[in-house]
Amino acid sequence: MTQRNGERGTSDCCLHMETTKVHKRANGVDQERERGASNCDPGEAGSTIYDSQDSSPMPGAVTAPDGGWGWVVLVATIIVLALTLAFPSCIGIFYTDLQKEFHATNSETSWVPSIMTSVLHAGGPLCSVFVEKFGCRATVMFGGVLSGIGMAASSFTQSIIQIYITAGVITGLGFCFCFQPAVTILGHYFVRRRAFANAMSSTGTALGLCTLPILGNFLHMELGWRGSFLVLGAVLLNCCVCGAVMRPLVPPGRRGQPLMNHTTTQPEEEKQKTLKGWSRTMFSGIAAGLRKHMAFDLFCGNTHYRVYVIGITWMMLGFVVSLVYIVPYATAHEMEQGKAALLLSIIGMVNIIVRPPIGVLFNLPWFKGRHVYVFASALLVNGLSNSICCIGASFPVLLAFVVTYGLSMSVVGSLMFTVLMDTVEMSRFPAALGLLAIMESITLLIGPPLAGMLVDSTGRYFHVFLACSVIVASSALFIIVSFYWLGKRDKKTSKQGQFSAQTDQSRPADTAPRCQYSSVPTEGDKDKTSDSETVTRL
């Protein structure tokens, strides 16, 4: 997302505000409704909360602070991402215990982190509705309560199916309600420093990968898997504290309804009492909601966004599988549980060290427009790193894997949302993120179980890492080639447009236009014609 897009979004929203006021004054609507309608909806014009550096703030618009309380929101987002995005990969620590407790196969046990991760992303549209209705702050706090209850309830389950519901669906949905509003409100607080803020917030995932495996392994040794789930449920309640500091942005000098908590009412449609009018209103509302929270129009009309969504969806089929199976792979080759859990922590440590300087580096002007190529190149390295595990399961080999994986994952995580913001308007970012989350949730859901079936059929883990290497590397190549081709096409189209504009400017002024118009004489024309005929006769 560039500042040029921010200027356009701001001007479009303000123009929409003025137009709305003019129409309402023409229709005789009271002043109170006029003030209520002048708020810009973040779902429709989210980029109106900021202005660029070159333009002065417009009346009624909210300027992104790019600092101030935004730093507090950034810290809260880091903690939220640490407790949500990194949590499913830590289920691998309890993988063997769940198998023994419920006599489950690898495929059946792998559904637990798979469902959790899938629901985390698939709940995007529902989360967008909650954000629109209640705001980011309330949604994150509700998600913290939901995820804590889900993990606490998992400690009392008596079957693997019950864990699917508690740890998978309930906790995963709570993670979704925490993660997506945190990322969304961070994009509103930072514009000029957005690449840096996104990179810093992505260190939350690294922080979670660094600390949660150590905490989980300690709890596992002291309390067993049931006691660990109960304590982890209490830890997840800290998301409520993080959500409490994510206060919404409001226009300067206004104490009305917050910008991130605005809802649109349509009293004209509510007045329709007939069954036909009610059904028509319902279907139109559903269509408007789908367009607002599911960016199908962007997917069909924006080729860059479509390519990016397809590439990320294919990538997620193997991207997180390595994190789920690295601990079972190590323990299956007689490595100590604590040493195997340390591998996940090393990935987190590498991310914590690397992501802050990466955020500063990618915020430089030279990287504007090149984020997608850096992202895809890092994704290619990430995919090829999985093949290191095929060499063996010794600690030095797996150490080389986690270091390479962690370095490439740092770049991928830092740029993933930045590339999406560069691809679409910020006003459509929540909807674009919702559709992306829905599509990638499908591959996130089937990835670990397919890997479990592969292990059950072959009895060996290295086939899983080989498949992950092929899948992730192929998705990176797809993104690189597609965006390169689209860039050449756009340059060619731009040159053709400039040539056409130059041709139009060099055309003589007296050149007759190609379109032939047939005029229909009016009464005034007839009068003028008769007058000219009279003058001619005279």
Side-chain angles (χ1 to χ4, degrees), residues 1 42-43 46 77 80-81 83-89 113-133 136 139-140 142-143 146-147 168-188 198 201-202 204-205 239 289-300 302 304-321 375 379 412-413 415-448 475 479:
M1 181 68 186
T77 303
V80 167
L81 266 61
L83 295 175
T84 56
L85 291 185
F87 195 91
S89 60
S114 176
I115 294 175
M116 182 184 295
T117 309
S118 178
V119 174
L120 190 157
H121 292 81
L126 180 61
C127 177
S128 180
V129 174
F130 270 71
V131 169
E132 182 71 18
K133 185 68 177 178
C136 290
T139 305
V140 173
F142 175 69
L146 199 63
S147 58
V169 177
I170 298 178
T171 303
L173 192 61
F175 287 165
C176 176
F177 286 172
C178 293
F179 150 65
Q180 294 198 24
V183 174
T184 301
I185 198 170
L186 187 66
H188 289 294
N198 284 333
S201 67
S202 66
T205 306
C239 291
L290 286 175
R291 184 186 180 277
K292 188 172 187 178
H293 303 293
M294 296 283 287
F296 291 114
D297 57 331
L298 281 178
F299 187 80
C300 296
N302 190 334
H304 294 80
Y305 174 69
R306 180 165 63 248
V307 167
Y308 187 67
V309 168
I310 293 174
I312 295 298
T313 302
W314 177 248
M315 175 200 77
M316 286 299 180
L317 186 63
F319 186 72
V320 299
V321 172
F375 168 82
L379 189 61
V412 172
L415 291 178
M416 184 171 179
F417 296 117
T418 303
V419 173
L420 181 59
M421 292 177 183
D422 289 344
T423 306
V424 301
E425 296 285 342
M426 189 59 199
S427 60
R428 301 302 310 278
F429 176 75
L433 181 60
L435 182 59
L436 174 63
I438 282 287
M439 295 188 64
E440 69 183 4
S441 68
I442 300 174
T443 50
L444 284 170
L445 178 65
I446 65 176
S475 66
I479 293 176

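Everything quoted here is computed from the prediction, not taken from an experiment. Heads up: numbering here begins at 1 and tracks the sequence.
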- Nearest heavy-atom approach of L120 to C176 is O-CB, 3.1 Å

- Query: Would you say the side chain of N302 lies within less than 4.5 Å of the side chain of V424, judging by non-hydrogen atoms?
  - Reply: yes

- Query: Quick one: are T205 and F179 in side-chain contact, heavy atoms under 4.5 Å?
  - Reply: no

- Partner set under side chain to side chain contact (heavy atoms under 4.5 Å, CB included) for V119, not counting sequence neighbours: I115, L173

- Message: Could you report the tightest heavy-atom contact between T84 and P88, atom names first, then the distance?
- Response: O-CD, 3.2 Å

- Task: Please confirm whether the backbone N or O of A432 pairs with a side-chain atom of Y305, one donor and one acceptor, at under 3.5 Å?
- Result: yes

- Considering residues at least two apart in sequence or located in another chain, which fulfil the side chain to side chain contact (heavy atoms under 4.5 Å, CB included) criterion with P181? C127, V131, C136, T139, V140

- Message: Per the side-chain hydrogen bond (donor to acceptor under 3.5 Å, both in side chains) rule, what does the pair list look like for residues 118-127, sequence neighbours excluded?
- Response: H121-E440

- Note on the structure: Applying side chain to side chain contact (heavy atoms under 4.5 Å, CB included) to F142 and not counting sequence neighbours gives F130, L146, F177

- Item | S114 (side chain) donor-acceptor with L444 (main chain) under 3.5 angstrom | yes

- Note on the structure: I442 meets the side chain to side chain contact (heavy atoms under 4.5 Å, CB included) criterion, sequence neighbours left out, with none

- Item | Non-neighbouring partners of F175 that pass ring pair (Phe, Tyr, Trp, His ring centres under 6.0 Å), sequence neighbours left out | F87

